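Keep in mind that what you see is a predicted model, and the values were worked out from it rather than measured.
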Amino acid sequence: MTYYNEMFEGSRVREPYARLSQWVETMPADFRQMKQAEAEALFRRIGITFAVYGEGGDPDRLIPFDMMPRVFEQAEWRRLERGIKQRARALNAFLRDVYGRAEIVRAGRIPARLVYQNEAYEKAVVGVVPPRGVYSHIIGIDLVRTAKDQFYVLEDNCRTPSGVSYMLENREIMMRMFPGLFRGNRIEPVDQYPDLLRRTLESVAPAKCHDRPTCVVLTPGHFNSAYYEHSFLANLMGVELVEGADLFVDGEFVYMRTTQGPKRVDVIYRRIDDPFLDPLCFRPDSMLGVPGLMDVYRSGGVSICSAPGAGVADDKAIYTFVPEMVRFYLGEEPLLQNVQTWTLWKNDDYRYVMENLPDLVVKEVHGSGGYGMLVGPKSTREEIEAFRAKIEADPGNYIAQPTLALSTCPTFVAEGLAPRHVDLRPYCLCGDRIELVPGGLTRVALREGSLVVNSSQGGGVKDTWVLSE
């Protein structure tokens, strides 16, 4: 299988990488190693770690950082931006619809059982329309590239997509270590993201809020794998980082405990999952949420971002219908295409997948983080047969996709510069307008030949540049 190399066209360096190529050629190996050690020291000093649950020992580790940026031309980015915004509009229209009249189901465009029997569909919010009709306020759309002009959406993340802190810190560290690179290249900034995020949150304050909204970030606590990001974003936005015990409900509103007494909260950027938000509505054993929160939310006393129930839009089975959502709600053709996907609850798809399992990638419908999946061409016969048994036990729990020829970017490895597979997660903010900063989080599969970019599976990150015109 051949892979598109984003730096080269044949033997010629593509124009976006021209100056970087000169930079690499003039960098001595010992200087590169020193700078790599400096980057790791900065990450550790700042505290940028992630956790992998269930592995024992110290769960906190550094995410590998690659100093070779990924570069997009302005025209490439503008095309992606239009497609991402279109997809975000369609996903929010779908959420408004399925918690309302469900016209797309009535029209037979999406099977009812995929919506109403979905574990992410929350009956507790049926008929509740959040401010401005926005359900998913931060959407992380994972993109892969297979050719110069071919991009595909791998999956949508409509609940609490993580990783934006890496996007910001990757840029900060690159600017600190190599200021000359930024003087010699016209690179669009990303540091406005926290301001845009706060403006987005404030724009969806409930109607009962009459002053400047008080926003908070609700975290499960410091044992959560993304806790660094929660505190990082709260600090940059200038809002409080709170846990469930810091909030309480009194009458029609939610309040925060402070040293000056209770303070009303208008917007909650939650980073905990639906089942743990309110023990009176969802899981009664939850110690992370706020008792009575959902009553206040349903009565319009507080906004929750993203809204409870938004996860039904990013289910991997629902994903296959997003292009149809674009046509149904927007009357447009999709600007970004899905990866070809087989849904195993269909008999024909099931037969095809079971006959071609060694050649396909199979994923759990609700899986994430690179877990619960089979990469057929990279798996042993024993692994394939073990996964076949799982599929036979519950076909509807899986989808399958072809093994994509993911593009490669130059990446620093022990021997020097080498191609490694990458994806991209831009972060789309939806409030009174739809915005995204030029760039995103590029994740890189550091193991040679690997197509799995998740940090929990050995992947790393790199800075993403969008060049100005």
Enquirer: For G133, is there any backbone N or O sitting under 3.5 Å from a side-chain donor or acceptor partner on R96?
Expert: yes
Enquirer: Tell me whether S162 contacts the main-chain N or O of T160 through its side chain, where contact means a donor paired with an acceptor under 3.5 Å.
Expert: no
Enquirer: For E172 and R176, run salt bridge (Lys or Arg N to Asp or Glu O under 4.0 Å): C-alpha distance rounded to whole Å, both residues' side-chain angles, the deciding distance at 0.1 Å, then the answer.
Expert: CA-CA 6 Å; E172 175 68 23; R176 188 182 303 188; 3.7 Å; yes
Enquirer: State whether the number of non-hydrogen atoms from other residues, nucleotides or ligands found under 6.0 Å of Q192 atom CD is greater than 12.
Expert: yes
Enquirer: Identify which one of R171, R443, R70 satisfies the salt bridge (charged side-chain N to carboxylate O under 4.0 Å, His left out) criterion when paired with D463.
Expert: R171
Enquirer: Can any side-chain N or O of N235 pair as donor or acceptor with the backbone N or O of F232 at less than 3.5 Å?
Expert: no
Enquirer: Is a side-chain donor-acceptor pair under 3.5 Å present for R82 with Q86?
Expert: no
Enquirer: Apply salt bridge (Lys or Arg N to Asp or Glu O under 4.0 Å) to residues D195 and R198 and explain how you reach the verdict.
Expert: CA-CA 5 Å; D195 293 334; R198 179 161 184 172; over 6 Å; no
Enquirer: Determine the minimum heavy-atom distance between W77 and P426, stating which atoms define it.
Expert: CH2-CB, 4.1 Å
Enquirer: Any side-chain to backbone donor/acceptor pair from S286 onto F276? Under 3.5 Å, distance only.
Expert: yes
Enquirer: Considering non-hydrogen atoms only, spot the tightest contact between Q36 and F65 and give its length.
Expert: NE2-O, 2.8 Å
Enquirer: Check step by step if salt bridge (Lys or Arg N to Asp or Glu O under 4.0 Å) holds for R159 and D314.
Expert: CA-CA 8 Å; R159 310 178 209 200; D314 66 17; 2.9 Å; yes
Enquirer: Who passes side-chain hydrogen bond (donor to acceptor under 3.5 Å, both in side chains) against S203, sequence neighbours left out?
Expert: none
Enquirer: Are W465 and F182 near enough that their ring centres are under 6.0 Å apart?
Expert: yes
Enquirer: Could you tell me whether M34 atom CE has more than 12 heavy atoms of other residues or ligands within 6.0 Å of it?
Expert: yes
Enquirer: Counting N and O atoms only, with roles assigned by atom type, does the side chain of Y121 sit under 3.5 Å from a partner on the main chain of V98, one being a donor and the other an acceptor?
Expert: yes
Enquirer: Apply salt bridge (Lys or Arg N to Asp or Glu O under 4.0 Å) to E76 and R14, showing your working.
Expert: CA-CA 13 Å; E76 291 174 326; R14 292 181 61 229; 3.1 Å; yes
Enquirer: What are the two closest heavy atoms between G460 and I63, and how far apart are they?
Expert: CA-CG1, 4.5 Å
Enquirer: Short question: side chain of K148, backbone of E9 - any donor-acceptor pair under 3.5 Å?
Expert: no
Enquirer: Quick one about N338 and R87 (side-chain donor to acceptor, distance below 3.5 Å, no hydrogens or angles considered), yes or no?
Expert: yes
Enquirer: Could you give me the CA-CA distance, side-chain angles and deciding distance for C305 and V204, then say whether side chain to side chain contact (heavy atoms under 4.5 Å, CB included) is met?
Expert: CA-CA 9 Å; C305 303; V204 294; 3.7 Å; yes
Enquirer: Can you tell whether the side chains of E332 and R327 come within less than 4.0 Å, N to carboxylate O?
Expert: no
Enquirer: Kindly say whether A120 contributes a backbone atom to a donor-acceptor pair with the side chain of N118 at under 3.5 angstrom?
Expert: yes
Enquirer: More than 12 heavy atoms of other residues, nucleotides or ligands under 6.0 Å from CD of E38: is that the case?
Expert: yes
Enquirer: Shortest non-hydrogen contact from I384 to G376?
Expert: CD1-O, 3.9 Å
Enquirer: To the nearest 0.5 Å, what is the distance between OH on Y17 and CD on E73?
Expert: 10.0 Å
Enquirer: State, to 0.1 Å, how close S21 and M7 come at their nearest heavy-atom pair, and which atoms those are.
Expert: CB-CE, 3.6 Å
Enquirer: Applying side chain to side chain contact (heavy atoms under 4.5 Å, CB included) to R420 and M68, what does each step give before you reach the verdict?
Expert: CA-CA 11 Å; R420 292 293 185 267; M68 183 68 180; over 6 Å; no
Enquirer: Between R270 and V217, is there a donor-acceptor pair closer than 3.5 Å when you use the side chain of the first and the backbone of the second?
Expert: no
Enquirer: Without hydrogens or angle criteria, can the side chains of R425 and Y427 be said to hold a donor-acceptor pair below 3.5 Å?
Expert: no
Enquirer: Could you tell me which non-hydrogen atom of P69 sits nearest to which non-hydrogen atom of M174, and how far apart they are?
Expert: CG-CE, 3.8 Å
Enquirer: Taking R78 first and then E81, would you say they form a salt bridge - that is, a charged N and a carboxylate O separated by under 4.0 Å?
Expert: yes
Enquirer: Show which side-chain atoms of residues 394-401 pair as donor or acceptor with protein atoms under 3.5 Å away, not counting sequence neighbours.
Expert:
from, atom 1, to, atom 2, distance (Å)
Q401, OE1, K363, NZ, 3.1
Q401, NE2, T341, OG1, 3.2

Enquirer: Mark yes or no for whether T343, through its side chain, and K346, through its backbone, hold a donor-acceptor pair below 3.5 Å.
Expert: no
Enquirer: Can you tell me if K390 has over 12 outside heavy atoms packed within less than 6.0 Å of its NZ?
Expert: no
Enquirer: Decide side chain to side chain contact (heavy atoms under 4.5 Å, CB included) for M237 and C215; before the verdict, give the C-alpha distance in whole Å, the side-chain angles of both, and the deciding distance to 0.1 Å.
Expert: CA-CA 9 Å; M237 284 193 290; C215 305; over 6 Å; no
Enquirer: Go through it in stages, so that I can follow the logic: the residues are V115 and I318, the test is side chain to side chain contact (heavy atoms under 4.5 Å, CB included), and I'd like the CA-CA distance, side-chain angles, deciding distance and then a yes or no.
Expert: CA-CA 8 Å; V115 177; I318 293 293; 4.3 Å; yes
